[in-house]
Engineer: 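Attaching a single structure in structure tokens format; questions to follow.
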Amino acid sequence: MEHFDQLYQALNEVVGYIYPNEIELRWSILIVLYPYITGLVAGAFILASLNRVFEIKALKPTYEISLLAALAFLLVATMPLIFHLGHPERFYELMMTPHSSSAMAIFGFVYLWYLMVVLLLEIWFDYRRDFVVWSQESKGLKKFLYKVLTLGSNDISPKALKLDDKLGYIITVVGIPSAFLLHGYVGFIFGSVKANPWWSSVMMPVIFLLSAMVSGIALILVTYMVINYFRKQKIDMLCLDSIGKYLFYTIIIDFTLESLDQIHRIYEAEESFDIISLLISGKLFFTMSIMQVLAGTLIPLFILGFFQFYKPKEKIRKTAYLISGILVLVGIFFMRWNVVIGGQLFSKSFYGFTSYKIGLIGGEGMLAAGVWMVVPILILVFLLWLLPPWKKQHSGG
Amino acid sequence: MPKHILRLIILFVIVIGLFLVARQFLIPESFGEYGHYRANSIEENANHDIKYVDRAECAECHDDIAALKQGGPHKNINCQTCHGPGNLHIEDPTPENIVKETEREFCGRCHNKNAARAKLIKQIDINEHNIESKCIECHNPHEPWN
């Protein structure tokens, strides 16, 4: 009976004509977090690859931070999905009996490939020499962990290290299409829902990928600044300016593609257009026009664009970079919100809207979502404690 | 081959091997018998207790109400739509084990004004329509329009 009461309350929020199964939103804030966190992973990894494969030296101070941040968020990426299930304890069945027609099952394997073969291996090859050195220098728990991580081999001869470097490079090269696949797939999940005109677009995987890069680069920008603040180290402004430059470029491409997608929708003006324009000007006005476009895109674009022509004092630049990074991170979160929640707010009848009220407590509430945003940060702190990039020996050999 | 690469390969072989072994144990026995699902689930679902009873069983005791209802617009609404599942009440007919809702909100679930509802269902705004009284004071739910 309690469920009927909830349904009854939801029914009071309905506007216009909707079908009975559209009253309640099935995909909640947890499903908003899933593409958001996965995007941060893909973006952070792509920034690391820029450094390694394309040899952008200015980004060097962020290389390990990017890899560790990608790992910290990847470990949590599936959690919102799993806890959204009615029976979270059955999640592994997806991997045990996968069906080739299930995009979700294929994702399980793409995820595993990315975690095991790409990220863990790349980090392992990058840190292997340090594992050996640290396992001899450290004490207690750290010593034990480093010993395990060396896999019992202390071979750090120049020949072995050269091989590590080569293999690490190959993995990074393989990793770039893998990162594209990982996040392109998330866009595909939405873009392939042909019954939903707000989602169904071949542009979706590309848009998700570009926005993933934007959010990942912003994440590393903010993380790098925060780490240096806590370590009381001077920030490498050349590095910060370079991240800012790449953030600027990716925002331009992302914003252009998203605008193209919308312009295409407006010009085509299919039968779904009326309800979508009502959606954008009504229920999504705050989250889309204000948060996603104005705060998350135009303001950072203006700040970062300005810095490409004129560079004010370091202090001003630092503050502006931090603000831009945070704004971008918030903006991309609302982009995911607008896709996931926005796509469920209007009826397939195109004649009505339902509404979404997020609760504070409960498995799908705001607190639960907050937990899944804090856990990756805690994991990152642990990883930075265990594998501090600033203690690595960077001179080759 | 360097020692650490060999160990890494062994580690991967172990992990993949463990996955394959775990798979043997974790795939349900009857999986795939009929299709891409656990065949035993059919039997398990079939074995669930039936909670709703046939409406004729309600009419065996409440024949007067059944006859009354037969003449009104609610004639095709099953008794248990409003009164909940009747299995316990059939076994032990006491007023405690059957739902008897009398609040306005309960009627409003079907009769509150909503654009998405078929016009066939009579609708009022429960926040305006005779708000001082309960619906059942004027309308008999078993024969609503008398």
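Predicted model only: the values in this text are computed from it and were never measured. Each chain gets a letter, A, B and so on, in the order its sequence line appears, and its residues count up from 1.
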Engineer: Answer yes or no: does atom NZ of A:K166 have more than 12 heavy-atom neighbours from other residues, nucleotides or ligands under 6.0 Å?
Structural biologist: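 No.
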
Engineer: In a table with atom names and distances, give each donor-acceptor pair under 3.5 Å that connects a side chain of residues 102-113 of chain A to protein atoms at least two apart or in another chain.
Structural biologist:
| unit_1 | atom_1 | unit_2 | atom_2 | d |
| --- | --- | --- | --- | --- |
| A:S102 | OG | A:M104 | N | 3.4 |
| A:S102 | OG | A:A105 | N | 3.0 |
| A:Y111 | OH | A:L74 | O | 2.6 |
| A:W113 | NE1 | A:S178 | OG | 2.9 |

Engineer: Does any backbone or side-chain atom of A:Y92 lie under 4.5 Å from a heavy atom of chain B? Answer side chain, backbone, both or neither.
Structural biologist: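 Just the side chain, heavy atoms under 4.5 Å.
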
Engineer: Determine all donor-acceptor pairs shorter than 3.5 Å in which one atom belongs to a side chain in residues 50-66 of chain B; sequence neighbours excluded.
Structural biologist:
| unit_1 | atom_1 | unit_2 | atom_2 | d |
| --- | --- | --- | --- | --- |
| B:D54 | OD1 | B:A56 | N | 2.9 |
| B:R55 | NH1 | B:K75 | O | 3.2 |

Engineer: With a 4.5 angstrom heavy-atom cut-off, which part of A:L167 approaches chain B: side chain, backbone, both or neither?
Structural biologist: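 Only the side chain of A:L167 comes within 4.5 Å of chain B.
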
Engineer: If you count heavy-atom pairs under 4.5 Å between each of A:P20, A:S153, A:S349, A:S347 and chain B, which one has the most?
Structural biologist: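 Option with the greatest count: A:S153.
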
Engineer: So which of A:G352, A:A160, A:G152 has the largest heavy-atom pair count under 4.5 angstrom toward chain B?
Structural biologist: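 So the answer, after comparing A:G352, A:A160, A:G152, is A:G152.
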
Engineer: Taking salt bridge (charged side-chain N to carboxylate O under 4.0 Å, His left out) as the test, write out the residues that go with B:E44, two or more places apart.
Structural biologist: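 B:R38.
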
Engineer: If you count heavy-atom pairs under 4.5 Å with chain B, which of A:M116, A:M96, A:K159 comes out on top?
Structural biologist: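 The answer is A:M96.
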
Engineer: Of all of A:V117, A:T97, A:L163, which one pairs up most often with chain B through heavy atoms under 4.5 Å apart?
Structural biologist: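 If we count pairs closer than 4.5 Å to chain B, A:T97 comes out on top.
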
Engineer: By a 4.5 Å heavy-atom criterion (distance strictly below it), what part of A:Y351 contacts chain B: side chain, backbone, both, or neither?
Structural biologist: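 Neither part; nothing is under 4.5 Å.
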
Engineer: Shorter than 4.5 Å, heavy atoms on both sides: which option in A:T150, A:D155, A:D164, A:V15 has the most such pairs with chain B?
Structural biologist: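 Top count of heavy-atom pairs under 4.5 Å with chain B: A:D164.
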
Engineer: So with a 6.0 Å cut-off around CD of B:E137, is the heavy-atom count from everything else above 12?
Structural biologist: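 Correct, the count exceeds 12.
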
Engineer: So does A:E89 have more than 12 non-hydrogen atoms from other groups sitting under 6.0 Å from CD?
Structural biologist: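 Yes - once you tally the heavy atoms of other residues, nucleotides and ligands closer than 6.0 Å, there are more than 12.
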
Engineer: Taking non-hydrogen atoms and a cut-off under 4.5 angstrom, which of residues 2-26 of chain B neighbour chain A?
Structural biologist: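 From residues 2-26 of chain B, the residues near chain A are B:P2, B:K3, B:H4, B:I5, B:R7, B:L8, B:L11, B:F12, B:V15, B:F19, B:R23, B:L26.
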
Engineer: Between A:I18, A:V14, A:L121, which residue shows the highest count of heavy-atom pairs closer than 4.5 Å to chain B?
Structural biologist: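 Going by pairs under 4.5 Å, I would pick A:L121.
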
Engineer: Check whether more than 12 heavy atoms from other residues, nucleotides or ligands sit under 6.0 Å from atom CZ of A:F350, and answer yes or no.
Structural biologist: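 For A:F350, atom CZ is crowded (more than 12 foreign heavy atoms under 6.0 Å).
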
